[in-house]
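Only this structure's heavy atoms are used, side chains among them; waters, hydrogens and symmetry mates stay out. For this chain, numbers begin at 1 and follow the sequence in order.
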Amino acid sequence: MRIGLTGGIAAGKSTVAARLRDLGACVIDYDALARAVVAPGGASLPLIVQTFGEAALNADGTLNRAWLAEHVFGPSAEPGARERLDAIEHPLIYREAERLEQAESDEHPHAVIVHDVPLLAEVIGTIPFRFDHIVTVEAPEETRITRMIETRGMTRDQACDRIRHQSSAAQRLAIASDVIDSSQPLEQMFEQVDRLYAQWNNA
């Protein structure tokens, strides 16, 4: 059973993913895969430097995330910058996700495998996986902005830029078979996640 999990930035998707992991699902975290491919020695780091220049690196050779975010998501980002970054990272991320899924399937043939993909609505036409169910985790935009300011140290403008560069709630809802409202009390949200997981296991 292959599940796609998505949601807007700061909507609570990571909390849902953690709950599914606790229930026994294999969760493939695309954010973690993205961090791995840009780590020192990661396959995409030289390509990012080649595309965006040496300023994309810190003095110690690690990726300058703040600089890259500003030049990809910021108001002064060049047209196509996001697409150029995606073209570097996405094929490498998909290859690693496929490897992890295969390893889990070999060991547990009936596993529930959750692909935790923040940008699933944007890549649904090109990602090399088909999903039995797609779940989106949603919260009001103002709630998400407040969370980013309070927990990620972003300014309001930075938070709005991140939301603006992601799919809209309407686009995520258009591909989803199930919606989890993360503005409800945590206990109720977990009850909904638990019900979904039980359904997947009994399918």
Side-chain angles (χ1 to χ4, degrees), residues 2-14 16-18 20-21 26-104 113-131 134-137 144 148 152-154 158-168 171-172 175-176:
R2 183 189 289 138
I3 308 299
L5 176 65
T6 193
I9 186 169
K13 179 177 58 59
S14 296
V16 171
L20 288 169
R21 191 179 281 111
C26 167
V27 178
I28 300 175
D29 182 345
Y30 279 55
D31 274 344
L33 298 184
R35 287 192 294 273
V37 300
V38 299
S44 73
L45 196 57
L47 298 172
I48 289 173
V49 173
Q50 186 180 325
T51 302
F52 293 95
E54 293 289 338
L57 291 182
N58 292 310
D60 62 359
T62 58
L63 182 67
N64 187 333
R65 293 179 180 279
W67 184 93
L68 190 63
E70 185 62 29
H71 285 75
V72 171
F73 300 109
S76 59
E78 290 183 13
R82 164 79 178 277
E83 289 74 15
R84 289 196 295 276
L85 183 63
D86 289 348
I88 293 169
E89 293 185 354
H90 286 183
L92 300 169
I93 292 169
Y94 297 155
R95 194 179 311 151
E96 182 61 10
E98 197 166 13
R99 186 190 69 78
L100 292 171
E101 182 183 87
Q102 189 61 55
E104 179 68 17
I113 300 178
V114 177
H115 289 245
D116 177 356
V117 191
L119 306 178
L120 186 55
E122 289 95 325
V123 301
I124 192 68
T126 56
I127 193 169
F129 303 102
R130 293 294 168 263
F131 299 100
I134 293 177
V135 178
T136 185
V137 184
R144 294 161 56 205
M148 283 186 271
R152 307 188 188 197
M154 290 185 184
Q158 288 172 330
C160 290
D161 280 341
R162 288 302 180 90
I163 289 175
R164 183 167 54 85
H165 279 85
Q166 283 196 337
S167 59
S168 66
Q171 289 170 308
R172 291 189 296 273
I175 66 167

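- The minimum heavy-atom distance linking Gly4 with Phe131 is given by the pair N-CD2, 3.4 Å.
- To the nearest 0.5 Å, atom SG of residue Cys26 and atom CG of residue Leu20 are 11.0 Å apart.
- Listed by first and then second residue, the side chain to side chain donor-acceptor pair (under 3.5 Å) pairs involving residues 31-50 amount to none (not counting sequence neighbours).
- Remark: side-chain polar atoms of Glu104 are not paired, donor with acceptor, to backbone N or O of Glu101 under 3.5 angstrom.
- No side-chain donor-acceptor contact under 3.5 Å links Ser167 to the backbone of Ala121.
- For the pairing with Ile28, the side chain to side chain contact (heavy atoms under 4.5 Å, CB included) check across Leu33, Ile93, Asp116, Val117 returns one residue only, Leu33.
- In this structure, the side chain of Thr62 does not engage the main chain of Asn58 through any donor-acceptor pair within 3.5 Å.
- Distance alone, capped at 3.5 Å, is enough to place a donor-acceptor pair between the Arg82 side chain and the His165 backbone.
- Residues Trp67 and Leu57 are not in side-chain contact: their nearest non-hydrogen atoms beyond the backbone lie 4.5 Å or more apart.
- The heavy-atom pair separating Arg144 from Gln166 by the smallest distance is NH2-OE1, 3.9 Å.
- When all heavy atoms of Leu92 and Ala43 are compared, the closest pair comes out as CD1-CB, 3.8 Å.
- Listed here is the closest heavy atom pair of Ala56 and Ile48: CB-CG2, 4.2 Å.
- Put simply, NE2 on His90 and CD1 on Ile127 are 9.0 Å apart, with the number rounded to the nearest 0.5 Å.
- Under the 4.5 Å side-chain criterion, counting only non-hydrogen atoms from C-beta, Ile9 is in contact with Ile163.
- For Tyr30 and His115, the ring centers sit closer than 6.0 Å to each other.
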Please step through salt bridge (charged side-chain N to carboxylate O under 4.0 Å, His left out) for the pair Arg99 and Glu96, ending with a clear verdict.
CA-CA 5 Å; Arg99 186 190 69 78; Glu96 182 61 10; 2.6 Å; yes

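- For the pair Arg162 and Phe73, the cation-pi test (distance below 6.0 Å, angle within 45°) is passed.
- Residues Leu120 and Arg172 form no side-chain contact, since every pair of their non-hydrogen atoms from C-beta on lies 4.5 Å or further apart.
- Minimum heavy-atom separation, Ala11 to Val137: CB-O, 3.4 Å.
- Side chains of Gln171 and Glu122 form no contact here, defined as non-hydrogen atoms less than 4.5 Å apart.
- Scanning both residues, His71 and Ala81, for their nearest heavy atoms gives O-CB, 3.6 Å.
- Counting heavy atoms from C-beta on, the side chains of Asp161 and Pro75 come closer than 4.5 Å.
- Checking side-chain atoms of Arg2 against main-chain N and O of Arg130 turns up a donor-acceptor pair under 3.5 Å.
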